[in-house]
Amino acid sequence: MNSTTDLVMNYKQEYIASTTSPEQFWLDKAHNIEWFSAPETAIASAENGYQSWFKGGQLNNSYLALDHHVNAGRGEKAALIYDSPVTNTTRTYTYNELLNEVATFAGALQGLGVSKGDRVIIYMPMIPQAAIAMLACARLGAIHSVVFGGFAANELAVRIDDATPSFIITASCGIEGAKQIPYKPLVDKAIENASHKPNGCVVFQRPQLHAELDSSFDHDWHSLMENSSPVSAVKVDATDPLYILYTSGTTGKPKGVVRDNGGHAVALHYSMGALYGIDKNDIFWAASDVGWVVGHSYIVYGPLIKGATSVMYEGKPVGTPDAGAFWRMIERHSINILFAAPTAFRAIRKEDPEGEFIKQYDLSSLRTIFMAGERLDPPTYYWTLEKTNKPVVDHWWQTETGWPICSNPMGIEPMATKPGSSSVPTPGFNVKVLKGPDTEAEPGEKGSIAIQLPLPPGCLSTIWQDHSRLVNGYLREFEGYYSTGDNGYIDDEGYVFIMGRTDDVINVAGHRLSTGEMEEVLAAHPAIAECSVIGINDALKGQLPVGLVLLKDGANIEESELEKELVAQVRQSIGPVACFKRAIVVKRLPKTRSGKILRKLLRQIAADEPISVPSTIDDPSSVDEIAALMRDKGLVEAVNV
Ligand code: COA
Ligand code: AMP
């Protein structure tokens with residue numbers, strides 16, 4: 001059914017068509033994927049009162065990613081290239097091979113009783129079995145929820161209780177540089193801590209570390225595969241959930257972003273061509289992790305639905321073994337598009353400022369470098385551009401949207417770059433800067449960035465088990481709009497500049513974390529009366545969390561000992577990914593008269609920005625006091641980005 005090209009109009013025409021006639025625009029795009037039963041409408045109202053896409057359509061994302069290409073005679077083409085410098089392994093799966101693995105693992109899951117609508121949690125390192133598990137769930141219509149390996153058992157337990165999975169799929173270990181991280185004990189502990197108990201756990205045993213299995217609960221991946229047969233993809237409704245992906249909000253409880261099946265497939269297929277300029281013959285590498293939205297959309301589903309080749313990398317930009325890793329990968333696999341977080345390039349630049357490694361490799365296959373996950377700071381932009389001599393594109397998106405809200409549409413009409421900007425709104429996203437419920441900002445004027453409803457296909461359809469969280473968290477602030485939680489401005493040529501979050505979410509090494517969640521962990525310490533966690537600038541990771549803590553009267557603990565205990569507590573409760581390494585004791589925290597901690601003011605002090613002291617402050621002298629203390633502790637512009 002496929003294959004009219006997406007790239008028929010220029011950007012302006014395409015954008016206007018998408019925002020003025022979204023129904024027609026997206027029905028046209030929907031014709032580019034194969035449906036079991038094609039939808040007759042694009043946008044409809046959902047039962048929960050929100051929007052839904054392609055109601056009445058039936059399809060299967062695993063079928064689209066695999067069977068569709070095999071049926072079209074492309075079974076011998078490379079689907080997935082796995083490259084793991086930490087285990088010295090490279091393996092290419094053709095579409096035929098990947099389909100066989102996925103269909104057989106789906107058969108195994110079915111044999112265990114997993115069926116349409118069941119949830120399955122996947123807690124895995126960056127190995128092909130993670131993608132196989134995701135696609136196998138999709139094949140059965142089971143809803144997967146992948147949890148990033150850098151989260152601790154407690155975080156996994158919270159997700160188990162929210163998603164109530166029938167099974168968990170894991171591996172015996174992850175490999176982080178030179179360290180082996182045993183995953184199975186973490187999973188066991190999470191299940192022990194959770195109130196919900198899954199029916200069992202499937203474990204992929206890696207040769208590097210053997211996990212002890214409990215024969216009454218655990219199932220060995222390899223034995224299951226030997227004893228199972230491939231099964232076909234089931235028909236699911238376009239509006240059925242494909243996956244839940246948890247992301248940090250302002251409270252301690254993560255939000256389960258739900259993605260539907262139909263909008264997801266249409267949007268990702270469109271984005272591969274329109275934004276990344278990818279076709280079937282291309283090799284696409286998103287250097288992220290399957291635990292993040294980038295991994296879902298652009299390691300697993302997007303490139304495969306497009307019929308291209310996706311690269312899966314189990315390593316770091318530096319240290320596995322050196323700062324030439326990215327360039328070596330590009331030469332070795334003839335990669336056409338690279339997508340990674342700016343923090344990865346800052347890590348490379350730190351070790352190889354002159355780009356000596358770049359000179360050692362042939363980068364002729366590489367067309368464009370895309371960056372996202374955090375703002376692409378101009379020094380990193382210029383360094384990457386100058387050293388690689390390739391176009392560098394900053395594009396902005398979030399777990400909730402599933403694909404870029406703003407980008408340089410390389411497949412429609414490549415546009416001039418403005419460093420510091422993530423370029424222009426993507427077709428489908430009607431982006432506005434708002435100063436108040438009915439007031440749009442002027443060009444160049446800062447405000448809250450919101451997207452006029454309806455959101456395009458592929459964005460969140462609800463928050464798992466809590467639709468009111470979508471309504472209250474995203475749709476209430478500005479009626480008729482989705483609030484992104486980011487602020488910034490649009491210039492007079494329509495370029496969007498994202499300046500940072502309006503809430504208490506921080507971004508550490510391209511990972512989104514909640515300061516509220518860290519505060520809950522610190523507040524549980526018996527010596528702490530009150531606390532605030534803020535993000536301070538960091539030259540490598542963009543931001544790092546720092547805890548400012550107020551002791552209870554009579555608490556008797558050395559500051560260095562307290563810091564050690566708090567660091568351990570955050571690592572144990574949230575995980576190493578939080579990168580929480582600093583906590584300082586303060587005498588007072590600046591507050592409003594109603595007792596609210598002035599976090600924005602603390603952030604301004606740390607960033608050495610002009611301070612705006614609100615008139616509602618309780619005790620203005622606390623500002624100078626805390627500024628002096630933070631300077632003293634080396635927390636003010638600790639390292640400038
Ligand atoms: N499983 C277990 N532990 C993990 C993990 C995983 N999947 N990922 C990270 N961790 C651990 C790390 O080992 C580290 O532990 P440590 O404190 O014991 O050293 C900790 O979590 C922090 O990890 P990270 O922030 O990734 O730091 P790093 O020093 O290992 O690597 C970068 C730094 C910049 C190279 C790395 O953060 C990076 O590549 N970031 C890109 C992120 C990204 O792709 N984001 C998605 C948007 S595109
Ligand atoms: P996540 O949901 O983890 O992908 O994080 C989304 C958040 O990361 C956004 O709301 C932004 O705050 C930030 N972000 C992602 N990409 C960019 C970008 N290109 N420029 C600026 N901020 C970004």
Side-chain angles (χ1 to χ4, degrees), residues 123-126 130 147-152 171 173-183 186 245-249 255 257 286-299 313-320 323 325-326 338-348 350-351 370-377 381 393-407 420-423 449 460 483-488 496-503 505-514 538 540-544 567 570-571 574-581:
Y123 186 72
M124 287 206 134
M126 282 292 287
V147 179
F148 178 61
F151 282 121
C173 68
I175 301 168
E176 277 289 298
K179 284 178 293 185
Q180 273 178 12
I181 318 269
Y183 274 28
L186 276 163
L245 179 57
Y246 287 88
T247 190
S248 300
K255 295 183 267 202
V257 166
S288 180
D289 189 287
V290 284
W292 306 115
V293 65
V294 177
H296 282 62
S297 296
Y298 295 116
I299 295 174
Y313 175 66
E314 189 183 23
K316 299 263 174 182
V318 295
T320 57
F326 273 26
L338 167 63
F339 174 173
T343 187
F345 293 88
R346 290 197 295 268
I348 296 170
K350 190 164 170 236
E351 294 210 356
F370 286 85
M371 298 202 205
E374 55 173 328
R375 176 172 171 266
L376 171 54
D377 52 291
Y381 166 77
V393 173
D394 181 12
H395 62 331
W396 166 58
W397 49 305
Q398 3 182 262
T399 305
E400 289 86 342
T401 64
W403 62 294
I405 309 164
C406 285
S407 184
S421 166
S422 49
S423 298
I449 306 198
L460 78 173
S483 300
T484 65
D486 284 305
N487 65 17
V496 180
F497 291 75
I498 306 296
M499 308 304 291
R501 298 285 304 185
T502 55
D503 56 15
V505 164
I506 58 170
N507 199 311
V508 179
H511 306 140
R512 171 168 161 184
L513 298 166
S514 160
D538 180 76
L540 176 63
K541 299 199 175 181
Q543 286 186 295
L544 278 179
V567 167
V570 173
R571 198 176 169 93
I574 298 178
V577 67
C579 286
F580 184 86
K581 304 254 159 77

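Both ligands and their constituent atoms are indexed starting at 1 by order of listing. Residue numbers start at 1 and run along the sequence shown. Below, each value reflects all heavy atoms present in this structure, side chains not excepted, and no hydrogens, waters or symmetry copies.
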W397 and H395 aromatic ring geometry - parallel, tilted or perpendicular at 30°/60° bounds: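 Rings of H395 and W397: tilted, as their planes differ by 30° to 60°.
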For ligand 1, which atoms, with element, lie under 4.0 Å from some heavy atom of [X]?
X: V577; answer: 21 (O)
X: S288; answer: 44 (O), 46 (C)
X: A372; answer: 48 (S)
X: T343; answer: 34 (C), 40 (N), 41 (C)
X: V294; answer: 47 (C), 48 (S)
X: G150; answer: 1 (N), 2 (C), 3 (N), 4 (C), 5 (C), 6 (C), 7 (N)

Sub-3.5 Å N/O-N/O distance, K316 and ligand 1: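 Yes; the residue has a nitrogen or oxygen that sits under 3.5 Å from a nitrogen or oxygen of the ligand.
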Ligand 1-proximal atoms of [X], by part, heavy-atom distance under 4.0 Å:
X: R346; value: neither
X: P576; value: both
X: C579; value: side chain
X: M126; value: neither
X: A287; value: backbone

Considering only heavy atoms, which of [options] lies nearest to [atom]?
atom: atom 11 (C) of ligand 2; options: D486, V496, T401; result: D486
atom: atom 14 (C) of ligand 1; options: M124, E374, K179; result: K179
atom: atom 29 (O) of ligand 1; options: K541, R512, M371, R571; result: K541

To check your reading of the model: name the closest protein heavy atom to [atom], its residue, and the distance in Å.
atom: atom 8 (N) of ligand 1; value: F148 CZ, 3.3 Å
atom: atom 12 (C) of ligand 1; value: E176 OE1, 3.2 Å
atom: atom 18 (C) of ligand 2; value: E374 O, 3.2 Å

Aromatic contact, F326 with F345 (centres under 6.0 Å):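 Aromatic pair counts; centres sit under 6.0 Å.
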Ligand 1 contacted by Y183 (non-hydrogen, < 4.0 Å):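 Contact present.
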Sub-4.0 Å heavy-atom approach of G485 to ligand 2: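 Outside the 4.0 Å threshold, so no.
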Distance flag for atom 32 (C) of ligand 1, protein heavy atom under 4.0 Å: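 Not a single protein heavy atom is under 4.0 Å away.
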Heavy-atom protein neighbour under 4.0 angstrom from atom 6 (C) of ligand 1: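 Yes; the ligand atom in question has protein heavy-atom contact below 4.0 Å.
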Under 3.5 Å: N/O of R501 near N/O of ligand 2: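 N/O-N/O distance under 3.5 Å: yes.
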Backbone or side-chain N or O of D394 under 3.5 Å from ligand 2 N or O: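 N/O-N/O distance below 3.5 Å exists for this pair.
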